[in-house]
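Residue numbering restarts at 1 for every chain, and letters A, B, ... go by the order of the sequence lines.
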Amino acid sequence: MSTEDADRATSMRTSLCGRVGTDDVEERVRLCGWVARRREHGEHLAFIDLRDHTGLVQCVVDGAVDVRSEYVISVEGVVKRRPEGTVNDKLATGEIEIHDCTVEVLAAAEPPPVSVDDRVEADESVRLRYRYLDLRRPHMQRNMRIRSTINSSLRRAMERHGFCEVETPLLWSPTPEGAREFAVPSRLQRGSFYVLPQSPQLAKQLLMVGGLDRYYQIARCLRDEDPRADRQFEFTQLDLEASFVGQDDIIEIVSDAVADASEAVTGKRPDSVERMTWTDALNRFGTDKPDLRFGMELIDLSAVFEGTGVRAFSAPVVKAIVLAEGGTLGRGRIDALVDRAMGLGAAGLAWFRIGEGEGGGLSLESPLAAHLSDTERDGLLAATGATAGDLVLVVAAEHRLACTVLGNLRVHLGGQAVGDGPHRFVWVVEFPMFEGLDDEGHPIAAHHPFTMPHPDDVALLGTDPLSARSQSYDLVLNGWELGSGSVRIHRADIQSAVFRALGISVEDAEARFGFLLGAFRYGAPPHAGFAVGLDRLVAIFCGEENIREVIAFPKTQSGSDPLTGAPKALADSALKELGIRTVVPEK
RNA sequence: GGACCUGUGGUGCAGUUUGGAGUGCACGCCGGCCUGUCAAGCCGGAGGUCGCGGGUUCAAAUCCCGUCAGGUCCGCCA
């Protein structure tokens, strides 16, 4: 991480706690910060560890100085080398200390309800209630600064590529479809509402029609969907859109930007970013966001069990994963895996412990083993390549389900903590245009209705829409979806065909997206774009498994903010002004 | 909307399985001692609606029901 804190001298301080060193010996300094700890040694000697965002420095003071934990003080004194034998090599400033100190209390403090020490764990709800104290912890300071470093390197990358930063409205127009939107009542037009944008998607397309050529923004997006470890109501994206570009141009630009960010944080650029098709990702990893840090790829056993007599394997697709040395898993653990698979929709999960057979071969141990023919047993062993001590897990189901269930088990069994290992970026391309059917039998847009179909599949829109691929692409890092983008439709005929496939009538489209379609009538350049989820990117670079650790003031899973108490009831007068009556469900 | 986990002095935990007096540990806090500590040390002290409500019982932190809060996940996230 680059920490260029040149000269931070102000009218109140001459240096920073963590920056005072042996070069400053015999210098007179004035430092400001918080009292991290105080160690008393009788009437006329005490040590104060003074903390600011750069670190700790030890101040030697008279025992009469009455300062306590988290007092804000300024200390003026002389930097001295520490006496022989008292150097603390656990401290960056451990070779020196501040002597002859004059201490001024700038603000007294009550004992903090949560420890500011990184080594002391605290419950997250307490941390969030006192987030301002939690943020003082070196760990949170580090995360906030990594986030800032990433932001600035992304901005620099975008500027270098000729992108223009434009701010788009937060008060936007409802476009029913997609994520649930946060509504904002209009005071001047009672009964009407703005919504907070799920993303600046439509705005940035209008910017392309507006001839901006290349737009970017570090944009806040808001979606009223249940929060998770990797999701908050509001989140931040590096949002971008460019004209006269295709998929490869966007992939190149975004790859370059995230490589810059990676280099800014870790000091080295990631290896060239792989690409795989959505179909490959599903078949090999059982997910559209593969974690490439480990193997355990899905193995297709459909051919082995074609026409099988084993009822459990009579399904369109039979797939497996091998858990190396998983044979030692007890029945309890295995049963839990079966439950997990069934919870994900599988009819069951078959398992085979691989053992040493007679005559040097391999044997299968499983409730199903006796039902397998010799050919099936050999086929299973050959296809999986499993060896003695391994555990083979098999799911037989419809194709998509078999893949996703095993993909889930693969991550569950083989996945590592977010912070572990290298950063394995991968582009997943050629997503399907549509995913499944809605209640009325219309295909559901996989990305959004403005996504350009794959050039080879335009004709499929009218005949077999579910087989049509799109020109959309996701960036995946270590199993986390970092962002997605697509080439957009700029031609009216293709847009009509997509709306038709989606079951959106001309009137419907006009009512919902009329402003965009209108804009497209006046000369829309071919354009494409992307959005990088910054919270997730920062979390991974910080080694965090939860994005709340990289957000200054996050909300809980039920959407409240323990610090402010939000959300709260509005005063009746405010409601009246907005023309709102609330209906609270009876308890 | 659903499943599971957690809730015990300011903080982190043990105690809950097998009901028997708010019992214990560590940190912090307050007071005292201490001139080279560095998560200082030693001595003493204060601090509790065992999340909340109900039930079972002679007796509930402990068992049962409900509820609230936090977390993980499913649904949801064009």
Integer angstrom distance from the P of G2(B) to that of G19(B): 32 Å
Applying a 4.0 Å non-hydrogen cut-off, can you work out what Arg82(A) is touching in the nucleic acid: base, sugar-phosphate, or nothing? base
Spacing of the C1' atoms in U17(B) and A60(B) (rounded, Å): 15 Å
Report yes if a side-chain nitrogen or oxygen of Arg39(A) is closer than 4.0 Å to either non-bridging phosphate oxygen (OP1 or OP2) of A40(B); otherwise report no. yes
Give the rounded distance in Å between these two atoms: CZ of Arg38(A) and P of C27(B). 19 Å
Kindly say if Arg548(A) contacts the phosphate of U72(B), meaning a side-chain N or O under 4.0 Å from OP1 or OP2. yes
Glu97(A) CD to U37(B) C1', in whole Å, measures 10 Å
Considering only atom C1', compute the distance from G44(B) to A61(B) and round it to an integer number of Å. 29 Å
Presence of Ser115(A) side-chain N/O under 4.0 Å of A39(B) phosphate oxygens OP1/OP2: no
Calculate the interatomic distance between Glu225(A) atom CD and C73(B) atom C1'; express it in whole Å. 16 Å
Determine, step by step, whether Leu409(A) and Arg340(A) satisfy the side chain to side chain contact (heavy atoms under 4.5 Å, CB included) criterion, reporting the C-alpha distance in whole Å, the side-chain angles of both residues, the deciding distance to 0.1 Å, and the verdict. CA-CA 8 Å; Leu409(A) 292 174; Arg340(A) 190 182 183 89; 3.7 Å; yes
Determine the Euclidean distance between corresponding P atoms of C63(B) and U18(B); express it in Å to zero decimal places. 9 Å
Round to the nearest Å and state the distance from Leu56(A) atom CG to A39(B) atom P. 10 Å
Per nearest nucleotide of RNA chain B, the residue lying toward the 5' end, Gln198(A) or Leu128(A), is Leu128(A)
Identity of whatever pairs with A39(B) - Watson-Crick or G-U, under 3.5 angstrom: none
May I ask you to evaluate whether Gln557(A) reaches the phosphate of U72(B), defined as a side-chain N or O under 4.0 Å from OP1 or OP2? yes
Return each pair, listed once, that meets salt bridge (charged side-chain N to carboxylate O under 4.0 Å, His left out) where at least one residue sits in residues 56-66 of chain A; pairs must be two or more places apart or across chains. Asp66(A)-Arg68(A)
In whole Å, what separates the P atom of U6(B) from that of G51(B)? 13 Å
Mind telling me whether His448(A) and Phe450(A) have parallel, tilted or perpendicular rings, with 30° and 60° as the class edges? tilted
Nucleotide G10(B), atom P - distance to CD of Glu110(A) in whole Å: 14 Å
Atom C1', compared across G41(B) and U37(B): separation rounded to whole Å: 9 Å
Do Pro432(A) and Ser470(A) have side chains that get closer than 4.5 Å, going by heavy atoms? no
Check the phosphate of G70(B) against Ser558(A), side-chain N and O only, distance under 4.0 Å to OP1 or OP2. Yes or no? yes
Taking atom P of C76(B) as reference, at what distance in whole Å does atom CG of Leu222(A) sit? 21 Å
Taking the P atom in each of C65(B) and C13(B), what is the distance between them to the nearest angstrom? 26 Å
Taking only side-chain N and O atoms of Asn546(A), does any of them lie within less than 4.0 angstrom of OP1 or OP2 on U72(B)? yes
Below 3.5 Å between N/O atoms, which protein atoms pair up with nucleotides 32-34 of chain B? Just atom names and distances, please.
from, atom 1, to, atom 2, distance (Å)
C34(B), N3, Gly42(A), N, 3.2

Distance below 4.0 Å between Arg127(A) side-chain N/O and U11(B) OP1 or OP2: no
Over 60° means perpendicular and under 30° means parallel, so tell me whether Phe233(A) and Phe182(A) are parallel, tilted or perpendicular. perpendicular
Measure the distance from CZ on Phe47(A) to P on G41(B) and round it to the nearest whole Å. 14 Å
With a 4.0 Å cut-off on heavy atoms, is Thr451(A) in touch with a base, just the backbone sugar-phosphate, or nothing at all? nothing
Counting any heavy atom closer than 4.0 Å, what does Pro83(A) reach on the DNA or RNA strands: base, sugar-phosphate only, or nothing? base
According to the Watson-Crick and G-U wobble definitions, with both distances under 3.5 Å, which nucleotide is paired to C58(B)? G20(B)
A21(B) and G28(B): how far apart are their P atoms, nearest whole angstrom? 31 Å
When you measure only distances, ignoring hydrogens and angles, does the side chain of Asp226(A) come within 3.5 Å of the base of G75(B) through a donor and an acceptor? yes
Please name the nucleotide paired to G44(B) by Watson-Crick or G-U wobble geometry with both distances under 3.5 Å, or report none. C30(B)
Using atom CZ of Arg37(A) as one end and atom P of C38(B) as the other, report the distance to the nearest whole Å. 11 Å
Are OP1 or OP2 of U37(B) and a side-chain N or O of Thr86(A) less than 4.0 angstrom apart? no
